[in-house]
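Position 1 is the first residue of the sequence; numbering continues from there. Values reported hereafter were calculated over all heavy atoms of this structure, with side chains retained and with hydrogens, waters and symmetry mates removed.
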Amino acid sequence: MKTIIQNYPNLDEARKRQKTPTNFIETNFNIDCFNRWFEDKTYFIRTYGCQANVRDEETMAGMLNAAGATRVDAENEADIIIINTCAVRENAEDKVYGQIGNLKSIVAKSRRVIALCGCMVEQPEILKKVMDTYPYVQLFFGTHEINQLLQLIYEVSQTQSRIVDVQSKPGEVIEGLPCQRTHPYKAYVDIMYGCDKFCTYCIVPYTRGKERSRRFSDIINECKKLVEQNYQEITLLGQNVNAYGKDLDEKKDFADLLEEVAKLGIPRLRFMTSHPWNFTTRMIDVIAKYDNIMKFIHLPVQSGSDEILKKMGRRYSRQDYLDLVELMRQKIPNLALSTDIIVGFPNESEEQFAQTLDLVDRVKYDSAFTFIYSPRKGTPAANLKDDVTYETKAKRFKTLVEHLEISISASSENMVGKVYPVLVDTVSKTNANMLSGYAENNKLIHFAGPIDLIGKIVNVRVKESHTYSLIGELCHE
């Protein structure tokens, strides 16, 4: 099969940041040029990774639906298979390799278009590995080429060629693409893309481009439509929502945006992710002021050691973080906090790890995402020599989880006997006779109730705590 390389990733180019205005593109979505090719086609998308990847999936599904294709739930039923990838951790990549490997038997039976997209293909060595190992993957495109999805699939089908289109560039803001929401009552809304923080362990600034904000009015208009469509929850998305508006001349920041969306009357408003650096007092005041802004903040700390934080390029100290948490809790009653923590950053000492444990014990998180450090080629941290064995890191990881579970368990136990508004999500994955949904503090609660409650906010009294989830009963009064 002939390979056509339209663009190939380059981390040196991806690293560049130019002080140029954000390029806004209004899409004129035209499907006539594809000669109705998509109308009898089916497609399947599997997404790995963060909410930004889920939002990308919604856009791709929207484009395919608009072109006349039909979504299916199984790979072997699809004419077009898209694997939407994450590159933040090695185990996410391993899952993708396994998924692609499983497709070999499907491809042998009939001709399909198999595409790999997302953050993995933005890294040259990973792209080469996949191209060499899986010759039946015909299309590779990056995070900046999603708006070209239909064109790329059509070109593969017409030329019977393998196409690579992965640009390493600052990126634009593209408005007007179709969208097929994953949920009928919970919506993700992108407010900005990319990241300029360049934490030394993180590949995201290279795969997602520079920080670039959507226009204030475009975000508000999208949220207004969601309210009109009776959505119950909006989550504002950005790699670092605190940076919203800094690249625009609109004199609007994230606090302004958060307040304006809250005023629209959406029942529940969330956001993620926020960086502890430049988390302003006004942001805290807006969160405290509006009842429909959920009193739950995801605030990644990564480490409790000043030395490690400096090596990570996190731009704040341990005390800065603790002071911010104290201010948040002073101003926001019943605040729930979650975090990200990396164990085993190169050359982390026992003392430095102990400082992380101490910070965890002080903050008393309600939930947390914990990771053993995974080097990402092309990042500064990947070049550091590391004298800490994996066995030591695994042991520390286990100890960290034990410390976290003390506060997480206490937080859940404190909910027993109390009533919480719950946005009902789905039938429980573990018990078909139960429903599941999230309280305002993002705790998962299972309870018995009629299926027509899905998508509604109901009051649930918590009866039992199981640390990471709770059992409740529907309140009828």
State, to 0.1 Å, how close [X] and [Y] come at their nearest heavy-atom pair, and which atoms those are.
| X | Y | answer |
| --- | --- | --- |
| R208 | C119 | NE-SG, 3.7 Å |
| I284 | F279 | CG1-CE2, 3.6 Å |
| Y244 | R215 | OH-C, 3.7 Å |
| I114 | V137 | O-CG1, 3.7 Å |
| R71 | E57 | NH2-OE2, 2.5 Å |
| L400 | T370 | CD2-CG2, 3.7 Å |

Does the side chain of [X] pick up a donor-acceptor pair with the side chain of [Y] at under 3.5 Å?
| X | Y | result |
| --- | --- | --- |
| E172 | Y193 | no |
| S303 | Q352 | no |
| S305 | Q355 | yes |

Open item on the list: Evaluate F198 against Y206 for ring-ring contact (aromatic ring centres under 6.0 Å, His included), listing each step before the verdict.
Closed with: CA-CA 9 Å; F198 284 99; Y206 306 85; 5.5 Å; yes

[X] with [Y]: basic N within carboxylate O range, under 4.0 Å:
| X | Y | value |
| --- | --- | --- |
| E222 | R55 | yes |
| D358 | R362 | yes |
| E93 | R376 | yes |
| E259 | R282 | yes |
| D320 | R314 | no |
| K311 | E307 | no |
| R46 | E75 | yes |

- Indicate the ring-plane relationship of Y365 and Y321, choosing parallel, tilted or perpendicular according to the 30° and 60° boundaries. tilted

Next item on the list: Look at the aromatic rings of H183 and Y185 and report parallel, tilted or perpendicular, splitting at 30° and 60°.
Entry: tilted

Does the side chain of [Y] come within less than 4.5 Å of [X]'s, by heavy atoms?
| X | Y | value |
| --- | --- | --- |
| Y97 | V130 | yes |
| K210 | D247 | no |
| I83 | K95 | no |
| I471 | H466 | yes |
| V113 | I81 | no |
| I445 | M415 | yes |
| V96 | L116 | yes |
| R461 | N459 | no |

Can any side-chain N or O of [X] pair as donor or acceptor with the backbone N or O of [Y] at less than 3.5 Å?
| X | Y | answer |
| --- | --- | --- |
| E326 | L322 | no |
| K295 | I287 | yes |
| R214 | E175 | no |
| T42 | V72 | no |
| K186 | P184 | no |
| T467 | S409 | no |
| N65 | G62 | no |
| S274 | H298 | yes |
| R270 | E440 | yes |
| R396 | G344 | no |

(message) side-chain contact (heavy atoms from CB on, under 4.5 Å), that's the test. Do S412 and K443 meet it? Break it down for me.
(response) CA-CA 8 Å; S412 296; K443 293 278 191 176; 2.9 Å; yes

Interatomic distance, [X] atom [atom1] to [Y] atom [atom2] [nearest 0.5 angstrom]:
| X | Y | atom1 | atom2 | value |
| --- | --- | --- | --- | --- |
| L139 | I153 | CG | CD1 | 6.5 Å |
| L337 | L299 | CG | CG | 6.5 Å |
| F345 | K393 | CZ | NZ | 9.5 Å |
| L269 | Y290 | CG | OH | 11.0 Å |
| N292 | I266 | CG | CD1 | 8.5 Å |
| K225 | C223 | NZ | SG | 11.5 Å |

More than 12 heavy atoms of other residues, nucleotides or ligands under 6.0 Å from [atom1] of [X]: yes or no?
| X | atom1 | answer |
| --- | --- | --- |
| E402 | CD | yes |
| D452 | CG | yes |
| Y373 | OH | yes |
| N334 | CG | no |

Residue pair M283, L258: steps toward the side-chain contact (heavy atoms from CB on, under 4.5 Å) verdict: CA-CA 8 Å; M283 284 172 57; L258 194 61; 5.7 Å; no

Paired with I342, the side chain to side chain contact (heavy atoms under 4.5 Å, CB included) test is passed by just one of Y201, F397, F369, namely Y201

Decide yes or no on side-chain contact (heavy atoms from CB on, under 4.5 Å) for L237 and C50, but give the supporting numbers first.
CA-CA 10 Å; L237 291 183; C50 67; over 6 Å; no

(message) Does L64 form a side-chain contact (heavy atoms from CB on, under 4.5 Å) with L150? I'd like the steps, not just the answer.
(response) CA-CA 7 Å; L64 287 161; L150 299 185; 3.7 Å; yes

